[in-house]
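Since the structure comes first, as structure tokens, the remarks are kept for the end.
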Protein chains: 4
Amino acid sequence: MSLREKKAEKKKKEIIQSALSIIAEKGYHATTMEDVAAKLLMTKGSVYYYFKDKQDLLFKSQKMLLEQSIQNIEEIMSKELPIIEKLQKVMVVHIEFLITERTGFAMGARPDQFFAGDQLQEIISLRQKYSHCIDKLIAQGIESGYFNKVDTKIVRNIILGAMNYVIEWYSSDGSKDKNELAKSISDYLLRILIN
Amino acid sequence: MSLREKKAEKKKKEIIQSALSIIAEKGYHATTMEDVAAKLLMTKGSVYYYFKDKQDLLFKSQKMLLEQSIQNIEEIMSKELPIIEKLQKVMVVHIEFLITERTGFAMGARPDQFFAGDQLQEIISLRQKYSHCIDKLIAQGIESGYFNKVDTKIVRNIILGAMNYVIEWYSSDGSKDKNELAKSISDYLLRILIN
Amino acid sequence: MSLREKKAEKKKKEIIQSALSIIAEKGYHATTMEDVAAKLLMTKGSVYYYFKDKQDLLFKSQKMLLEQSIQNIEEIMSKELPIIEKLQKVMVVHIEFLITERTGFAMGARPDQFFAGDQLQEIISLRQKYSHCIDKLIAQGIESGYFNKVDTKIVRNIILGAMNYVIEWYSSDGSKDKNELAKSISDYLLRILIN
Amino acid sequence: MSLREKKAEKKKKEIIQSALSIIAEKGYHATTMEDVAAKLLMTKGSVYYYFKDKQDLLFKSQKMLLEQSIQNIEEIMSKELPIIEKLQKVMVVHIEFLITERTGFAMGARPDQFFAGDQLQEIISLRQKYSHCIDKLIAQGIESGYFNKVDTKIVRNIILGAMNYVIEWYSSDGSKDKNELAKSISDYLLRILIN
DNA sequence: GATGAATGAGGCTTCATTCAT
DNA sequence: GATGAATGAAGCCTCATTCAT
């Protein structure tokens with residue numbers, strides 16, 4: 001990749017970051033291309049040099065978030081760790097990632113409200129990939145006898161729901177820091193599976 | 001209340017229902033006054049006879065939803081039931097209400113994205129009232145020794161997050177009916193508190 | 001049709017007239033919705049109340065023009081007139097209509113530059129209907145021995161081309177009035193067919 | 001002219017050809033500088049090295065077309081040929097040129113829609129030069145008794161209109177080749193002048 | 001000479017809102 | 001009470017044009 005291309009790639013990421021943070025704050029529909037550009041001291045026109053349209057920007061940003069999440073989870077899954085610690089780590093990283101990126105949009109919102117056609121398929125597919133990782137961990141835990149026998153799908157969704165909800169209430173609760181909070185939540189959620 | 005007023009009140013509720021269902025499907029910003037009116041075979045102009053503006057319609061609809069939820073929870077709290085059963089019933093009713101109304105908006109979204117000033121205060125206040133009920137149940141459970149000692153705030157938010165997330169994935173999971181599903185979820189969530 | 005509907009229909013026609021005259025002057029792409037509205041002392045928004053979008057306005061206006069032309073030609077064809085006089089009348093009316101409406105767009109421009117899909121089909125179909133009328137007249141003239149044997153398609157297109165070109169040069173030639181000019185042109189064109 | 005200048009001149013012609021072909025297909029306003037550049041595997045920026053702006057490119061391209069047409073017609077006029085054959089050859093070459101270049105734009109569209117000021121003057125002047133040639137041929141034919149007495153201006157415009165219209169319908173009529181078609185059309189048009 | 005990047009004006013379109021009837 | 005009609009602000013997007021490298 002040439003220097004030019006690297007710069008362009010960097011710019012794209014900046015724009016995505018800008019979009020992500022404003023979408024997290026205002027929601028997708030209330031976010032204007034003007035907002036996204038202004039935050040980077042650019043003009044609207046420039047954003048359109050890098051992204052075809054608003055939908056394209058949304059799609060790319062969500063894709064990036066999901067791919068990062070998947071990378072996070074796969075990295076943990078490839079480690080040699082006891083199943084319990086593994087699942088907990090997955091949860092902690094998920095929550096920390098959410099809080100850092102200030103957006104639960106990628107995992108939280110109904111994708112069919114924002115995507116259609118091929119984009120929808122791709123987003124759904126990425127989400128499923130992520131979900132499957134969690135399912136696998138739960139299944140492994142059950143098999144190995146460390147976890148209670150549970151309905152995997154339901155418990156996975158309880159976990160996802162509880163985690164994604166964090167960004168709705170985190171800011172107003174300053175008593176614990178990010179990491180402590182993530183630990184706490186994951187501890188509580190593990191109780192569904194253990195004992 | 002005169003007959004005329006009753007009729008108007010009924011109409012208002014119809015409009016709110018229409019708004020609620022479309023917002024649940026498309027999101028607030030993507031919902032137009034036209035949509036809301038068309039669903040009732042009305043014209044936009046008529047809606048403005050009953051509601052000052054779109055924001056007013058949103059506010060009233062969310063308020064209604066929250067007040068209904070609070071009524072639901074208070075009704076249960078006033079009953080003579082063992083604490084465990086009480087909390088479970090609260091959860092079951094919450095989930096069923098969500099699925100029936102097809103909207104987790106009221107409890108799920110960050111209110112400051114949609115409200116400001118007095119409206120925001122009122123919405124927050126209603127939400128807190130609801131949250132406090134759950135907190136109270138948890139606290140009672142702990143005091144009476146039926147529940148483990150937990151951080152009330154965190155566990156309450158785990159419960160809310162897990163429950164509100166249901167509408168994101170319910171439709172795609174037809175294996176259980178509404179009530180069964182609600183039971184399952186509440187069972188799992190109770191494990192956080194019991195043993 | 002109610003009074004309301006009549007008024008709306010009238011308004012639509014006014015807008016179409018406005019669009020037609022500006023398109024005739026500037027061309028389609030250079031014509032803005034602002035222009036069309038301003039000419040009628042309306043705002044852009046109002047135009048959108050009557051027409052879905054710019055393309056819709058273009059389509060409806062061209063359709064109207066073509067339908068009017070077809071009505072003109074069919075009216076003449078249904079009369080009891082010698083074939084020569086019939087064809088001449090068709091030409092005269094065509095030219096006068098063109099000059100009056102100040103637009104040769106409908107018959108002159110390549111439709112695939114402006115329409116696609118169903119709209120294109122409909123426009124082509126209307127044009128063909130018009131062309132077929134002329135073809136029929138030519139064929140009848142040949143059959144009855146009043147016209148020379150010619151390639152109908154080519155001669156029809158010569159006639160159409162010559163007539164439609166009038167609006168490109170009419171204004172700069174004030175020596176003859178509309179009707180005289182139309183007569184002259186049709187006389188000359190008939191020489192292709194007679195003797 | 002230096003080698004460098006020659007190269008630049010060649011490039012300019014390539015760009016003009018590209019512009020011409022796209023304008024013929026889409027119309028001027030729908031043609032973007034991007035389109036013109038892309039067809040030559042250039043970037044927009046490069047086009048601006050050779051042409052001041054889009055208007056300049058349009059002007060130069062139309063001028064080139066007109067000058068070529070004038071050269072064509074003057075070449076024929078300077079030949080020793082019977083007047084009838086001369087006019088016919090003019091028509092045939094005109095039609096073939098049109099079909100080859102796929103654009104009737106230069107002769108067909110109202111110049112005041114696209115040009116103003118000095119450019120408009122120059123374009124009009126070139127067109128007149130072309131028109132005058134045809135007028136002269138008609139006048140000579142009349143004088144020499146080979147042609148009927150006709151209103152020169154009107155007949156010239158009939159001829160131009162009929163010829164320029166060819167590009168609107170040629171492609172859909174594959175039965176005759178370019179040259180045959182041009183012959184046919186000119187034969188028919190000559191009937192206006194002869195006998 | 002060429003180009004990637006940026007700009008800004010302008011046009012299309014949507015939609016909450018108003019109001020006369 | 002209801003509605004057809006109108007409005008205007010705001011947002012999306014395109015594209016001619018410029019310019020540093």
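Keep in mind that this is a model prediction, so the values were computed, not measured.
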Anything under 3.5 Å between a donor and an acceptor, one on a side chain of residues 8-17 of chain D, the other on a protein residue two or more places apart or in another chain? List them.
none

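The residue A/Thr31 sits close only to the backbone: its heavy atoms come under 4.0 Å of sugar-phosphate atoms, none of a base. Using a 4.0 Å heavy-atom distance criterion, C/Lys7 is classed as making no nucleic acid contact. As judged by a 4.0 angstrom heavy-atom cut-off over every strand, D/Ala8 is placed among residues making no nucleic acid contact.
Every residue two or more places apart in sequence or in another chain that forms a salt bridge (charged side-chain N to carboxylate O under 4.0 Å, His left out) with D/Glu34 is listed here: D/Lys44. For the side-chain contact (heavy atoms from CB on, under 4.5 Å) test, residues two or more places apart in sequence or in another chain that qualify with B/Asp56 are B/Phe51, B/Lys52, B/Asp53, B/Lys60. With sequence neighbours excluded, the residues forming a side-chain contact (heavy atoms from CB on, under 4.5 Å) with D/Ser2 are D/Arg4, D/Glu5, listed by chain and number. Applying the side-chain contact (heavy atoms from CB on, under 4.5 Å) rule to B/Glu25 yields no partners; only residues at least two apart in sequence or on another chain are considered. The salt bridge (charged side-chain N to carboxylate O under 4.0 Å, His left out) test applied to A/Lys7 returns no partner, not counting sequence neighbours. Partners of D/Ser21 according to the side-chain contact (heavy atoms from CB on, under 4.5 Å) rule, which considers only residues two or more places apart in sequence or in another chain, are D/Lys39.
Following rounding to the nearest Å, A/Glu34 (CD) and F/dC13 (C1') show an atom-to-atom distance of 13 Å. What separates CZ of D/Phe59 from P of F/dA16 is a distance of 20 Å, to the nearest Å. Across the protein-nucleic acid pair, C/Leu41 atom CG and F/dT7 atom C1' stand 14 Å apart, rounded to whole Å.
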**Prompt:** Can you give the dot-bracket line for DNA chain F, using ( ) for pairs inside the strand, [ ] for pairs that cross earlier ones, | for pairs with another strand and . for unpaired bases, where Watson-Crick and G-U count if both distances are under 3.5 Å?
**Reply:** .||||||||||||||||||||
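For the side chain to side chain donor-acceptor pair (under 3.5 Å) test with B/Lys26, the passing option among B/Asp35, B/Thr31, B/Thr32 is B/Asp35; the others fail.
Atom CG of D/Leu126 sits about 11.0 Å away from atom CG of D/Leu65, to the nearest 0.5 Å.
Toward the 5' end of DNA chain F, the nearer of the two residues C/Lys44 and C/Glu5, judged by each one's closest nucleotide, is C/Glu5. Along DNA chain E, the nucleotide nearest A/Gly45 and the nucleotide nearest B/Thr32 are compared for position; the residue whose nucleotide lies closer to the 5' end is A/Gly45.
Within the 4.5 Å cutoff, the side chain of B/Tyr50 has no heavy atoms near those of the B/Leu57 side chain. Using a 4.5 Å cut-off on side-chain heavy atoms (C-beta onward), A/Met33 and A/Tyr48 make contact.
Within the structure, side chain to side chain donor-acceptor pair (under 3.5 Å) pairs that include any residue of residues 109-120 of chain A comprise A/Gln55-A/Gln119 (at least two apart or interchain).
Between the side chain of D/Ser18 and the backbone N or O of D/Val36, at least one donor-acceptor pair lies under 3.5 Å.
Close approach of DNA chain E to chain B, defined as any atom under 4.0 Å from a non-hydrogen atom of the protein, starts and stops at E/dC15 to E/dT18.
Residues from residues 46-54 of chain D lying near DNA chain E, meaning a heavy-atom separation below 4.0 Å, are D/Ser46, D/Tyr49, D/Tyr50 in numerical order. Within residues 13-25 of chain A, no residue approaches DNA chain F, by heavy-atom distance under 4.0 Å.
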